[in-house]
Asker: 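Below: one structure in C-alpha cells.
In this text the structure is predicted, and so the values were computed from the model without any measurement. For reference, positions follow the sequence shown, starting with 1.
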Amino acid sequence: MASSETKQPVVCVFCGASGGTSPAHLEAARALAKVLHENNIKLVYGGGTVGLMGEVARTLVSLAGPDSVHGIIPQALTKLEQNHDPEDPTSHKIDSSIFGRTTLVKDMHTRKQAMATEVINGGPGGGFVALSGGYGTLDELMEITTWNQLGIHSMPVVVYNVEGYWDGLLQWVKQAVGAGFISEKSEGILSEAKSAGEVVEKLKTYKNAEGRFNLSWDQN
Ligand code: AMP
C-alpha cells in the first residue's frame with residue numbers, strides 16, 4: 001500500500017447544481033479546477049453535469065484527464081443533475097471523457113459517505129471545499145463540518161467565499177461561538193478562502209484542533 005507521503009490528495013467539492021447569476025461563480029469553479037490540477041489534487045464531487053458542479057469537473061478533466069475526477073451520484077438524481085433530453089432516455093448517461101468516472105449509489109447518505117471516504121483515504125493536502133450553492137450545498141457543507149467536530153474525520157473544510165456569497169454563514173459562525181453554541185476549538189474547522197490559490201493554501205496548512213470526540217459510526 002502507498003504511504004501517506006505518496007498518496008495523491010483528494011478534494012471533495014460541494015457546490016450548486018446551478019451556475020448563479022454572477023459570472024464570478026462559474027469563474028471561481030474554473031479557477032478552482034485549475035489550482036487542483038496545478039497541485040496534482042484529485043476531485044470527488046456530486047457527479048452532475050449542470051451548474052458549478054459540471055463546470056469544475058469538466059474543467060479539471062480538460063486539464064488533467066478523466067482519471068482526475070470521480071463523480072458519485074444517487075441513481076434517482078441522474079435525471080435532474082446530468083443534462084438530459086426528455087425525448088431521449090439514454091441522454092443522461094454521462095460522458096466520462098468529459099466529466100470523469102461516475103459511480104451510481106442508492107441514496108444521498110451513501111454518496112456523502114463515499115465522497116468523504118475518498119478524501120480521508122487520500123494524501124495530505126486534501127479536504128472539503130464549498131463553492132457557492134443552495135440548500136444542497138449547505139446541507140453537505142454543514143454535515144461534513146459536524147463530522148469533523150465529532151472526530152469522524154480530521155480533514156479541513158474550506159469555504160471559497162466568492163463575492164461575499166458566504167459572508168452570512170461566516171458571520172453566523174462567529175455569532176454562534178460568541179453565544180456559546182460552537183466551541184472556540186470548533187470555530188476553526190471551517191476556514192474561509194477568497195481565491196482558488198488560497199483554498200489550496202488553507203487545505204495544506206490546516207491543523208486539526210486537539211481534544212474533539214473521536215467518534216466512529218461503527219461504535220456502539
Ligand atoms: P444545490 O446547492 O441545492 O444546488 O445542490 C447541490 C448538490 O447538493 C446537489 O448535487 C444535491 O444533490 C446535493 N444535496 C446533498 N444533500 C442534499 C439534500 N439534503 N437536499 C438537496 N440536495 C442535496
Side-chain angles (χ1 to χ4, degrees), residues 9-22 24-36 39 41-48 50-60 69-73 77 81 108-109 111-120 122 125-150 152-174 176 182 186-206 208:
V10 178
V11 159
C12 175
V13 173
F14 304 127
C15 59
S18 311
T21 49
S22 165
H25 301 294
L26 282 163
E27 277 160 24
R30 290 190 286 271
L32 182 61
K34 192 161 173 278
V35 297
L36 294 180
N39 288 274
I41 297 172
K42 284 191 167 197
L43 170 71
V44 62
Y45 84 114
V50 293
L52 300 187
M53 285 203 281
E55 197 71 7
V56 71
R58 191 187 301 111
T59 306
L60 186 54
V69 175
H70 184 197
I72 302 179
I73 187 163
L77 271 183
E81 296 188 348
M108 199 64 92
H109 191 71
R111 172 207 254 178
K112 288 172 176 170
Q113 260 192 318
M115 294 198 299
T117 300
E118 295 215 0
V119 173
I120 294 162
F128 302 90
V129 177
L131 276 162
S132 313
Y135 288 134
T137 303
L138 192 61
D139 168 275
E140 293 175 305
L141 173 61
M142 285 299 108
E143 183 155 10
I144 211 65
T145 303
T146 62
W147 288 8
N148 179 306
Q149 180 169 256
L150 291 169
I152 290 166
H153 72 83
S154 56
M155 306 300 283
V157 185
V158 180
V159 169
Y160 186 171
N161 194 14
V162 176
E163 291 187 331
Y165 181 75
W166 289 115
D167 283 355
L169 176 75
L170 296 165
Q171 185 54 42
W172 169 81
V173 173
K174 281 203 183 75
I182 294 177
S186 291
E187 182 178 9
I189 298 170
L190 265 188
S191 55
E192 177 192 15
K194 292 193 169 159
S195 68
E198 202 186 340
V199 169
V200 170
E201 207 43 51
K202 291 274 162 84
L203 292 171
K204 282 185 182 164
T205 56
Y206 176 77
N208 205 41

Asker: Evaluate the side-chain contact (heavy atoms from CB on, under 4.5 Å) criterion for residues Ile73 and Glu81: first the C-alpha distance (whole Å), next the side-chain angles of each, then the deciding distance (0.1 Å), finally the verdict.
Answerer: CA-CA 9 Å; Ile73 187 163; Glu81 296 188 348; 4.1 Å; yes
Asker: Are the side chains of Leu26 and Leu52 in touch, meaning some heavy atoms are under 4.5 Å apart?
Answerer: yes
Asker: I'd like to check Trp166 versus Thr137 (side-chain heavy atoms, cut-off strictly below 4.5 Å). Are they in contact?
Answerer: yes
Asker: Do the charged groups of Glu140 and Lys112 touch, with an N to O distance under 4.0 Å?
Answerer: no
Asker: Can any side-chain N or O of Arg30 pair as donor or acceptor with the backbone N or O of Thr59 at less than 3.5 Å?
Answerer: no
Asker: Under the 3.5 angstrom rule, does the side chain of Tyr160 hit a backbone N or O of Ala196 as a donor-acceptor pair?
Answerer: yes
Asker: Taking the side chain as everything from C-beta on, heavy atoms only, tell me whether Val173 gets closer than 4.5 Å to Glu187.
Answerer: yes
Asker: Within this structure, what is the CD-CD distance for the pair Glu27 and Glu163, rounded to the nearest 0.5 Å?
Answerer: 8.5 Å
Asker: Do you know which two heavy atoms are closest between Pro9 and Gly126, and how far apart they sit?
Answerer: CB-N, 3.6 Å
Asker: Can any side-chain N or O of His153 pair as donor or acceptor with the backbone N or O of Ile144 at less than 3.5 Å?
Answerer: yes
Asker: Spell out, as yes or no, whether a donor-acceptor pair under 3.5 Å connects the side chain of Asn148 to the backbone of Met155.
Answerer: yes
Asker: Quick check on side chain to side chain contact (heavy atoms under 4.5 Å, CB included): which of Leu60, Val10, Leu36 does Ile41 satisfy it with?
Answerer: Leu36
Asker: Provide the closest heavy-atom pair for Met53 versus Ala17 in the form atom of the first, atom of the second, distance.
Answerer: CE-CB, 3.9 Å
Asker: Closest approach of Ala114 and Ile72, non-hydrogen atoms and distance?
Answerer: CB-CD1, 3.8 Å
Asker: First locate atom CG of Leu141, then atom SG of Cys15, and finally report the distance between them rounded to the nearest 0.5 Å.
Answerer: 11.5 Å
Asker: Can you tell whether the side chains of Lys204 and Glu201 come within less than 4.0 Å, N to carboxylate O?
Answerer: no
Asker: Would you indicate whether the side-chain heavy atoms of Leu169 and Leu138 approach each other to under 4.5 Å?
Answerer: yes
Asker: Indicate the atoms forming the closest heavy-atom contact of Tyr206 with Gly188, along with that distance.
Answerer: CE1-O, 3.7 Å
Asker: Atom CG in Leu170, atom CG in Leu190: separation rounded to 0.5 Å?
Answerer: 7.0 Å
Asker: Considering only heavy atoms from C-beta outward, does the side chain of Leu32 approach that of Val13 to under 4.5 Å?
Answerer: yes
Asker: Could you pull out all residues at least two apart from Glu198 that satisfy salt bridge (Lys or Arg N to Asp or Glu O under 4.0 Å)?
Answerer: Lys202
Asker: Do the non-hydrogen side-chain atoms of Met115 and Phe14 ever get within less than 4.5 Å of each other?
Answerer: yes
Asker: How long is the span from the CD atom in Gln149 to the OG1 atom in Thr145, to the nearest 0.5 Å?
Answerer: 9.0 Å
Asker: Could you grab the distance from atom OH of Tyr45 to atom CG of Leu131, nearest 0.5 Å is fine?
Answerer: 13.0 Å
Asker: Give the intermediate values and the outcome of side-chain contact (heavy atoms from CB on, under 4.5 Å) for residues Val11 and Val158.
Answerer: CA-CA 10 Å; Val11 159; Val158 180; over 6 Å; no
